[in-house]
Amino acid sequence: MDGLSRLEYRGYDSAGIAITGVEDSDGGPAGSLTVVKAVGKLTNLRAALAELEAAGGVPDSRSAIGHTRWATHGHPTVENAHPHVSMDGRLALVHNGIIENADALRTQLRAEGYEFTSETDTEVVVHLLDRAFHDPDLISWEGPLDGLEGGELARGWALVAAMITVVARLEGTFTLLALSQEVPGLIVAARRSSPLVVGRGEGENFLGSDAMAFAAHTTDAIEVGQDQIVAVTADSVTIMDREGSVLEPHHFNVDFARDRATKDGWPTFMEKEIHEQPRAIADTIADRLDSEGRLALDEVRIPESLLRGADKMIIVACGTAAYAGLVARYAIEHWCRIPVEVELAHEFRYRDPVVTEKTLVVAISQSGETMDTIMAIRHAREQGAKVIAIVNTPGSTISRESDAVLLTHAGPEIAVASTKAFTAQIAATYILGLYLAQVRGNKYVDEVQDYLEKLEKIPEKVQWVLDRAETVRQTARTMTDVDSVIYLGRHVGYPVALEGALKLKELCYIHAEGFAAGELKHGPIALIDEGQPVIVVVPTPRRPELHNKVVSNIQEVRARGARTIVVAEEGDTSVDEFADVVFRVPATPTLYMPLLSVIPLQLFACELAAAKGNDVDQPRNLAKSVTVE
Ligand code: F6R
């Protein structure tokens, strides 16, 4: 249950566990399979389990599997929650991913008499596995399953053979874990394009979607590669390829996943993470200069000649990370004079993008596990492009599958809505942009240093904004009844407007739209009505060509009845007469402004969500890490 709770960020609409029972001295059920499931957050499963335990229904056990779900096929109900069990109730399975040929397989299985009790794609796998497990013509597999003997060992081999057989029939993406009451000392797992890691302990072993699940018990992890199958007993871990040939395990250390994040006195993780941003940004940009004062990215082990020869950069990411990419475009194009495209990862792959060996692809991801982004980088690498990943999670799939990794040092982000990862991502793209400008000869070393020094001042400016949050909070608390908010921004303020609107949608369930301020008169202004809240991100007055136009936009919406909330630089009095409320940020170079102007928008959404009584850390329908396409 502790492991599951560490993975709850992946989905929390229902959860379940399956426990194999063994002979025990207290008279608990032996040779049994106990399955407990509950809709909603993990606390509901905990309660159901406690009730069962009080009634003596939880057996002594050597193995168990559990799952927290983010619904893809079928509503979040107990029937659709995992684990799913075979018709005889003796075999259980959990699944992440999507089985793309589930419909065809279901039709075949129905024709053979299999009955389905859920709407999930997963249930076809349980039936297939159960059928193979009891098939007299099953292929044979014999390998190390330490600790199993006699009949149990034979059935263990059969379960592995069944998994090898079934996986060959599946299309799509999956991590599968299965156990059977016939082999209570064994868990068999398989993965294709979904994450799975093994934790190697002393007389105990673990499987998890990521290392956080077991890092409290062991820091010795084993990688499970694409299309590999794993058989785990308390004493052995056997990794094999899709044909069942045993492979050498590849161990790595997961010390970083050990500490469990706590709220440290903050009411929510999101509040805490918003307030961690000065440190997250500082840590991300720290120690980047070598002894000669040159920006050095030791992690970026792509030959400088390739970086110099690149003729285009494509940034791929999703959601908030994609907005970080939009901010990066302004800086990188300006500094490096290289065309930068920013593409939602899920659109990139299917539009037949022009990618060559001279294309530099930058993938931005907090989790490093976003399936859409993983698929995009695979596609890019197939075309010969080099991929630099900006990720927050060391050892994640994206970091492993990229040519180079630039880590954001934001620390674990627990709240589902991204905050500190966003600003750390932007900071990392600035570092990357300056590095490229230096390598490609667009900026001299002293110019790069100058930009870096100004960047180093950002954390204290973020703190300045955080210390003056009261106006933001008060404004948010007056807006619990609004049902629509419009966000406007121009230049680097535009992605900030998009991010502000996304935070409001996610946390407050209020319809919110971010527009490029210049686009207003081309249509969206028709939305403005008496009292319509409009949040405007105003550029610095030191860039009058941008500033004056946005101030005009404020006047235009005000004239049509809007309630204007303005994010403006300290000392910019030109907005005062047109703004109902002003959120102040300190003066800073234009390209760095998003790191400051997004802060009040994060706080605003967080405070408003709390005032509405919403679950700030785990908003409805979302998952922290979107591991399906
Ligand atoms: C929004 C949010 C999401 C993620 C997106 C990508 O608050 O968190 O939009 O930014 O799902 O996730 P990562 O960065 O893990 O690839």
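Whatever order the structure lists them in is the order used to number ligands and atoms, beginning at 1. Residue indices begin at 1 and follow the sequence shown.
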*asked:* So, regarding Ser418 and ligand 1 (criterion: nitrogen or oxygen to nitrogen or oxygen, under 3.5 Å), is there a contact or not?
replied: yes
*Do the side-chain N and O atoms of Thr320 and Lys503 include a donor-acceptor pair separated by under 3.5 angstrom?*
yes
*In the protein, which heavy atom is nearest to atom 12 (O) of ligand 1, and how far is it?*
Thr370 OG1, 3.4 Å
*Please state whether Lys503 comes within less than 4.0 angstrom of ligand 1, counting heavy atoms only.*
yes
*Looking at Arg477 and Glu470, does any basic side-chain N land under 4.0 Å from a carboxylate oxygen?*
yes
_My understanding is that only residues two or more places apart in sequence, or in another chain, count here; which of them pass side chain to side chain contact (heavy atoms under 4.5 Å, CB included) with Ser597?_
Val496, Val537, Val567, Met593
*asked:* With a 4.0 Å cut-off on heavy atoms, is Thr419 in contact with ligand 1?
replied: no
*What atoms of ligand 1 come within less than 4.0 Å of a heavy atom belonging to Gly319?*
9 (O)
*So between Ala417, Ala421, Cys318, whose heavy atom ends up nearest atom 6 (C) of ligand 1?*
Cys318
*Under 3.5 Å: donor-acceptor pair, side chain of Asp13, backbone of Ala71*: yes
*Any Lys/Arg nitrogen of Glu401 or Arg378 sitting under 4.0 Å from an Asp/Glu carboxylate oxygen of the other?*
yes
*Return the residue, atom name and 0.1 Å-rounded distance of the protein heavy atom closest to atom 1 (C) of ligand 1.*
Glu506 OE2, 2.9 Å
*Give the atoms of ligand 1, by number and element, whose distance to some non-hydrogen atom of Ser365 is under 4.0 Å.*
13 (P), 14 (O), 15 (O), 16 (O)
*Of all the non-hydrogen atoms in the protein, which one sits nearest to atom 11 (O) of ligand 1, and at what distance?*
Val626 CG2, 4.2 Å
_Contacting atoms of ligand 1, where contact means under 4.0 angstrom from a heavy atom of Ala321_ = 10 (O), 14 (O)
*Identify, for atom 15 (O) of ligand 1, the protein heavy atom at the shortest distance, and state residue, atom and that distance.*
Ser367 OG, 2.6 Å
_Suppose I only count heavy atoms of Val416 and a 4.0 Å limit; which atoms of ligand 1 are within that range?_
8 (O)
_Residue and atom name of the nearest protein heavy atom (relative to atom 3 (C) of ligand 1), distance in Å to one decimal_ = Thr320 N, 4.0 Å
*asked:* Check for me whether the distance between the ring centres of Tyr430 and Tyr592 falls short of 6.0 Å.
replied: yes
*Is there a donor in the side chain of Asn96 and an acceptor in the side chain of His67, or the other way round, less than 3.5 Å apart?*
yes
_As a quick check of understanding, evaluate side chain to side chain donor-acceptor pair (under 3.5 Å) for Thr408 and Asn392, giving each step before the final call._
CA-CA 5 Å; Thr408 47; Asn392 196 40; 3.0 Å; yes
*Would you call Glu341 and Lys312 a salt bridge, using N to O less than 4.0 angstrom?*
yes
_For Gln366, the ligand 1 atoms whose distance to one of its heavy atoms is below 4.0 Å_ = 13 (P), 14 (O), 15 (O), 16 (O)
